[in-house]
Amino acid sequence: MLPKDPAMLLSFVNMKLRDYYKDIDALCQDMELDKKELEQSLASIDYHYNKERNQFV
């Protein structure tokens with residue numbers, strides 16, 4: 001289950017991207033997440049996915 005709080009979600013997702021997934025698409029597919037919803041939630045705290053860094057910055 002994903003954290004509801006956007007700041008906690010940011011930490012969780014970036015850790016997963018760093019340690020387990022080559023990109024956001026792999027993370028979303030494996031964890032059965034809606035990529036658009038994830039990006040919107042993190043955009044609400046002004047974080048956006050950076051492909052080169054493979055993290056939300």
Side-chain angles (χ1 to χ4, degrees):
M1 183 160 192
L2 291 177
K4 300 282 186 209
D5 177 79
M8 294 298 293
L9 178 62
L10 172 66
S11 178
F12 176 83
V13 168
N14 275 344
M15 182 270 301
K16 289 290 192 181
L17 288 168
R18 180 189 69 229
D19 295 344
Y20 301 106
Y21 298 100
K22 65 179 179 136
D23 60 28
I24 191 173
D25 293 319
L27 175 127
C28 289
Q29 181 179 4
D30 187 55
M31 296 187 71
E32 299 180 358
L33 303 174
D34 183 302
K35 181 179 171 182
K36 184 177 268 188
E37 285 181 20
L38 176 61
E39 290 177 320
Q40 288 174 342
S41 180
L42 294 175
S44 74
I45 58 170
D46 203 29
Y47 280 83
H48 306 278
Y49 182 68
N50 180 292
K51 185 177 182 174
E52 290 77 32
R53 293 177 67 178
N54 191 33
Q55 69 182 37
F56 283 84
V57 294

Let me confirm one number: the [atom1]-[atom2] distance from [X] to [Y], rounded to the nearest 0.5 Å.
{"X": "Leu17", "Y": "Arg53", "atom1": "CG", "atom2": "CZ", "answer": "12.0 Å"}
{"X": "Gln55", "Y": "Asn14", "atom1": "CD", "atom2": "CG", "answer": "5.0 Å"}
{"X": "Ile45", "Y": "Asp5", "atom1": "CD1", "atom2": "CG", "answer": "7.5 Å"}
{"X": "Leu10", "Y": "Asp46", "atom1": "CG", "atom2": "CG", "answer": "11.0 Å"}
{"X": "Leu2", "Y": "Met31", "atom1": "CG", "atom2": "CE", "answer": "5.0 Å"}

To check you understand the geometry: which heavy-atom pair defines the closest contact between [X] and [Y], and what is its length?
{"X": "Ser41", "Y": "Pro6", "result": "O-CB, 4.1 Å"}
{"X": "Lys36", "Y": "Asp34", "result": "N-OD1, 2.9 Å"}
{"X": "Phe56", "Y": "Tyr47", "result": "O-CD2, 3.8 Å"}
{"X": "Leu27", "Y": "Val13", "result": "CD1-O, 4.3 Å"}

inquiry  = More than 12 heavy atoms of other residues, nucleotides or ligands under 6.0 Å from OH of Tyr20: yes or no?
reply    =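 Count not over threshold, so no.
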query = Does atom CE of Met15 have more than 12 heavy-atom neighbours, drawn from other residues, nucleotides or ligands, at distances under 6.0 Å?
reply =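 It does: Met15 CE has more than 12 such atoms within range.
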ask   = Is it true that Asp25 and Lys35 have a side-chain N and a carboxylate O under 4.0 angstrom from each other?
value =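 Counted as a salt bridge, because a side-chain N and a carboxylate O are separated by less than 4.0 Å.
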query = Run the side chain to side chain contact (heavy atoms under 4.5 Å, CB included) check on Leu42 and Tyr49 step by step: do they pass?
reply = CA-CA 9 Å; Leu42 294 175; Tyr49 182 68; over 6 Å; no
ask   = Between Leu38 and Leu9, does a side chain to side chain contact (heavy atoms under 4.5 Å, CB included) hold up when you go through it step by step?
value = CA-CA 9 Å; Leu38 176 61; Leu9 178 62; 3.9 Å; yes
